[in-house]
Amino acid sequence: MIKLVKLINENNEVIKSITFHTGLNVVLADIALDNSKRSDKNSRNGAGKTSLIEIIDFCLGGSIKTLNSPVIENWTYALEIDIYNTTYTIYRHASDSKKIYFLGGDFSKWDVKPVKINSDSVSNIGYAYYMKEDDWKDFLGRYLFSLDNTASNKYYPKYRSIIPYFIRYNEGAFLDPFKYFKTQKAWQSQIYNAYLLNLNWEYAITMQNLKDEKEMITKLKNATKNGYFKNYTGTLGELESEKVVLQNKVEKYDNELAEFKVHPHYEDIQKEANELTEKIHKISETLTVQKSLLEKYENDNFDEKDTDINTIKLIYGEAGLLFPDNVIKSLEEIVEFHSTVIQNRKDYLNDEINRLTDEIQKNNDCLNEFLDKRAEKMKILKTHNAIDEFNKLQNRNGELKVQLSEIEKHIENIKKIETDLTENKRKILDLLSRAKQDLNERENQRTLAIKTFAEIADFLYAEKDNIDKIGLSIDFDENGYKYNAFIGKDKSTGRTAMKVFDYDMMLMKIRSVKNNLPGFLIHDSDVFDSVDERQIANALQYADESAKELNTKYICFMNSDRIPENLFDEKFKKRFNECIRLKLEDTEDGGLFGFRF
């Protein structure tokens, strides 16, 4: 598909033009041949290899990463590609990345046609058509991978989620054959690789949807368990018990409210009853004082006696004393006076006794009247209630009913959650059964992938007889597809990179059966950085032969110190040198852009 890449500066000058051919294509970073240009600060890793991959990826719908640097933000990048056996040149500007431009061409076979430009207002290159970035990506997705970009499911594979398996250069791209960046999510790896391996990737999407559903239900269950809903916690049985207690309380309040009698003047009657009680207390206190005083007066009146003169004479006579007549006359006068005093006191006491008796009678009558009135009021208060009390009772009953309703909904939610979890588990088991059956029915596709992977591994490690475990495993369990690639027990970085190389070459081969591949495979220099020279030599030869056989292009980026020339035979040594499409030097002007930045 890819034939040529151009770098065009802000003055519309072509700075670099790199042509790619069928088979092996090498972009090489080398040290400067001119000793005067060498420096300890220079490095092959800063020559621009990765930037060239980014340019290709950018032209194929990728995002800007380092191409928006101020010194090259006005540059344009061109890609010559074959689509429907017709060659087109597309242009994309770093400063205007939302559009893809074309000089011209026959777009009759394209399902989405570029828009014709009426005036050359963009640049003096002479663009005739343009296409929006999203339309360009959708078109490439349908053309290269037969992807339906109208699908609404968020897990459906998109063009920009599949193409990175054929353009590996991001950080972590060579750490796992089934991922193209380190933090790639499990569902992405499962679905994208199922698609690439011609497996039923829709099962992987369904499984992911079921896992999402389970996660959501489980979160609801945990929230319910932890009391995030109205502070109702506990098991279903405990909540059912709480429900019964609430039902009993509500029933009791309902009955009380049904029998509740409200008197319209309840508060006035209650006030009058309180006033009567206060009066009764005062009268009772007065009666207590009056009765105590009456009793004292009656006792005093009973004990008061007059003194007899004869008694005095007798007392003194017994003592041998005789009074003369004048003394006797004085005593008689004293006795008479005393009798008068006694009588006056008795009269006073009788008057007070009569007065107190009358007042006590009146107060008793008043007390009985107040008691009768209060009894009448209390009878009303006892058989009726105040409106405030009714409202309080009604409000409390309302609160209990709200609580009952909430706990009933809570119980209903718990039961639904348990039902949903059971149903989710049933769906997963059903999908698992169907997926395994489908995997068995796709034995030919699976066998082809496993066989091809093993053949490539055997070629890469042909000189090693001690690799006891080589293979590609594909399985399906309750978490979705499970993939594993192994070449012996060595888990070194170099061996892992070779598993990535093996897997990518295998994808090219098995997808070529249906002619459903992009027509290129691009690997950054990281793929060979930690690999043994023998495997590098074998990998380059295998890539060249396979790419020519499949009429496609393998484009790899290498540092010159990783080329195992001593392991090439003369024929391939010549072939390898012919396949170097661009040589970059670690000098100020020998890099991709002609200057360092």
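Since the model is a prediction, treat every value here as computed from it, not as a measurement.
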Just to verify, what does [X] make a side-chain contact (heavy atoms from CB on, under 4.5 Å) with, not counting sequence neighbours?
X      : answer
Thr19  : Leu4, His21
Asn566 : Glu533, Pro564
Glu455 : Lys451
Ala497 : Val531

Exercise. Among Asn559, Leu582, Ile563, which residue meets the side chain to side chain contact (heavy atoms under 4.5 Å, CB included) test with Leu28?
Worked result: Ile563

Exercise. With respect to Lys574, which candidate in Glu570, Glu578, Lys571 satisfies the side chain to side chain contact (heavy atoms under 4.5 Å, CB included) definition?
Worked result: Glu578

[X] to [Y], cation-pi by 6.0 Å centre distance and 45° axis angle:
X      : Y      : value
Lys99  : Tyr130 : yes
Lys137 : Tyr159 : no
Arg92  : Phe58  : yes

For this session: Could you check if a side-chain atom of Ile100 sits within less than 4.5 angstrom of a side-chain atom of Tyr129, using non-hydrogen atoms only?
Result: no

Problem set entry | Heavy-atom check, side chain of Ile555 versus side chain of Leu521, under 4.5 Å | no

Exercise. Among pairs that include at least one residue of residues 428-444, which meet side chain to side chain donor-acceptor pair (under 3.5 Å), considering only residues two or more places apart or in two chains?
Worked result: Asp430-Arg434, Gln437-Glu441, Asp438-Arg442

For this session: Scan for ring-ring contact (aromatic ring centres under 6.0 Å, His included) pairs involving residues 423-442, sequence neighbours excluded, and state none if there are none.
Result: none

Exercise. Which of parallel (below 30°), tilted (30 to 60°) and perpendicular (above 60°) describes Phe572 and Phe576?
Worked result: tilted

Exercise. Aromatic rings Phe178 and Tyr483: how do their planes relate, parallel, tilted or perpendicular, breaks at 30° and 60°?
Worked result: parallel

Problem set entry | Check: Phe520 main-chain N/O paired with Thr552 side-chain donor or acceptor under 3.5 Å | yes

With sequence neighbours left out, what residues match [X] under ring pair (Phe, Tyr, Trp, His ring centres under 6.0 Å)?
X      : value
Tyr192 : none
Phe486 : none
Tyr203 : none
Tyr542 : Phe459

For this session: Would you indicate whether Lys219, at its atom NZ, is surrounded by more than 12 heavy atoms from other residues, nucleotides or ligands within a distance under 6.0 Å?
Result: no

For this session: Decide if atom CD of Glu171 counts as having more than 12 heavy atoms of other residues, nucleotides or ligands within a radius under 6.0 Å.
Result: no

Problem set entry | Residue pairs involving residues 174-185 (criterion salt bridge (Lys or Arg N to Asp or Glu O under 4.0 Å); sequence neighbours excluded) | none

Exercise. Are the aromatic ring centres of Trp136 and Tyr88 under 6.0 angstrom apart?
Worked result: no

Problem set entry | Ion pair check, Arg168 and Asp524, cut-off under 4.0 Å | no

Which atom pairs, one a donor and one an acceptor, fall under 3.5 Å between side chains of residues 59-75 and the rest of the protein, sequence neighbours left out?
| residue | atom | partner | partner atom | Å |
| --- | --- | --- | --- | --- |
| Lys65 | NZ | Tyr169 | OH | 3.1 |
| Thr66 | OG1 | Glu54 | OE1 | 2.7 |
| Trp75 | NE1 | Glu10 | OE1 | 2.8 |

